[in-house]
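Single-structure report; data block below.
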Amino acid sequence: MEIREQWRSRWGFILAAAGSAVGLGNLWGFAYRASQGGGAAFLLLYILIVLVVCLPVLVAEMVLGRSTGNSALLAPVKAAGDRWGILGWLFVIAPLGIGSYYAVLMGWTLDTFFHSLFFGLPADMSAAKTFFGSISSGSSVLLGQLVSLLLTAAVVASGIRKGIERISRIGLPILFGLLLILAIWAATLSGTWEGYRTFLLKVDVSQFFNPSTIRNAFTQAFFSLSLGIGIMVTYASYLDRRNQLPKEALSVASLDTAVGLLAGMITFPIVMSFGLKEVISGSTVGTLFISIPTGLGTLGVTGRVVAVLFFALAYIAAITSSISLLEVPVSSLMDRLGLPRSKAVFISTSLLFVLGIPSAMNLNILGKMDSVFGGVLLILGGFLLSIFLGWVVPRKFDEDLAGCNSDQRVRRYLKFMLRWVSPPVIAFGLIVSVIDLVQNWSS
Ligand code: TRP
């Protein structure tokens, strides 16, 4: 067997993990969920869930990967025996489900980018709708999806250091730079304060009890952190003992949350400045692809430059996420069947393409895939992970963290949270989310 590859450096791992976390979920999902009426209640719940529940689970995922040195499919079995094989399967099936429709969203993003660059922006809402109709149906979706998958496959096929680590090192700083520039620009718009206020600062206490707001906050926290389904297991399996995982987890979560907020500080001022509130509050998957270009379309050349930059940064963010989704099945095939990387990439990419065709053809299916694979399954995975490392193999958690000299108080705190706080809180989130989802579907 080949020797397992390793990250070149600590920052290489952090940037790759942050690259996985920062993606369309931050740019599009955050704005989309924040605009569904939760306001500041959504934001607070989301941040609270990240701090209290997700951080310990994030460390748990990393510990599972590093201590077993195995891919997501095999790590649970290696840690606790065959009975836990099913958890490994969840870790592989969920990224395949997400990866399938993620490539479709990437295709739309790419299309919008090229359109803004070469043809300009739609002049009004109806033109924008026609445009979105054209990118989200017919053969152009399949093309965008295919191109995005091929680019993703090319990176993953180049391996951990030369592929994933390298693109994250280059991509993330560019992405941050662009985000900052655009957020500063957005702060000068006429509707800036109105935008921040309406979507991020307005506290409506009753929203804390709204099941949809709760589901949105849980989903956003888990989806945005790429948490609960073996991504971090996989990435951490390429780590050595020198890293103190709690610190890395904190860096990843902070970078990710900062990007979500910055993205909101770009999209909401645009939405408010150009009177698009009505469009966005009934938000569906495609809203940002309609409202952002329309808003920017009224600004002439400046708007076009902003649109090109925004969709370029969205695409960079998306690639560093989709490679993590592909790496999970790829590394699992390599470990389980001993396939070479190139073959594993070919098989997994083909599978993702075929699985994504229904979502490419039908927006409704895409939304449903997102609610199940990108929503409840992640929360379920997070629940199982906290039970697994908190109760089934707690010694692994201790030993692994103790072996890297992490602060003892931090370790005790994390273990306490993982055992006593995360399971009940996530179980609550899971139950509320499933009920809310079933109600939404049947209404
Ligand atoms: N976190 C990414 C985003 O915000 C998407 C993503 C990549 C993801 N890998 C994941 C989501 C694993 C859930 C699980 O766009």
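These figures come from a predicted structure and were not determined experimentally. Ligands are counted one by one from 1 in listed order, and the atoms in each one are counted from 1 as well. Values below: all heavy atoms of this structure, side chains included; hydrogens, waters and symmetry mates excluded.
- Of the listed options Gly19, Gly374, Ala21, Ser226, Ala21 places a heavy atom closest to atom 4 (O) of ligand 1.
- Here's the thing with Leu24: one of its N/O atoms is less than 3.5 angstrom from an N/O atom of ligand 1.
- Nearest protein heavy-atom neighbour of atom 2 (C) of ligand 1: Ser20 O, 3.2 Å.
- Polar contact with ligand 1: present for Gly25 (N/O pair, distance under 3.5 Å).
- For atom 12 (C) of ligand 1, the nearest protein heavy atom (residue, atom name, distance) is Ile231 CG1, 3.3 Å.
- At a 3.5 angstrom cut-off on N or O pairs, Phe223 counts as close to ligand 1.
- Geometric assessment of Arg161 against the ring of Trp7 yields a negative cation-pi assignment under the 6.0 Å and 45° thresholds.
- Those atoms of ligand 1 that come under 4.0 Å of a heavy atom in Asn26, given as number and element, are 4 (O).
- The pair Arg66-Glu248 does not count as a salt bridge, with every side-chain nitrogen at least 4.0 angstrom from each carboxylate oxygen.
- The one candidate from Thr219, Thr257, Asp256 that meets the side-chain hydrogen bond (donor to acceptor under 3.5 Å, both in side chains) condition with Ser224 is Asp256.
- By the 4.0 Å heavy-atom criterion, Trp28 is excluded from the residues contacting ligand 1.
- Using cut-offs of 30° and 60° on the angle between ring planes, the pair Tyr102 and Phe223 is tilted.
- Those atoms of ligand 1 that come under 4.0 Å of a heavy atom in Leu378, given as number and element, are 13 (C), 14 (C).
- Between Phe132 and Trp108, the two ring planes are perpendicular [angle over 60°; tilted spans 30° to 60°].
- Listed here is the closest heavy atom pair of Leu339 and Met334: O-CG, 3.5 Å.
- Surrounding CH2 of Trp11 are at most 12 heavy atoms belonging to other residues, nucleotides or ligands under 6.0 Å away.
- Using a 4.0 Å cut-off to heavy atoms of Ser324, the atoms of ligand 1 that qualify are 7 (C), 9 (N).
- One side chain, Ser226 or Ser20, offers a donor N or O that lies under 3.5 Å from an acceptor on the other.
- Ranking protein heavy atoms by distance to atom 14 (C) of ligand 1, first place goes to Ile229 CD1, 3.3 Å.
- Applying the 4.0 Å criterion to heavy atoms of Ile98 picks out, from ligand 1, the atoms 13 (C), 14 (C).
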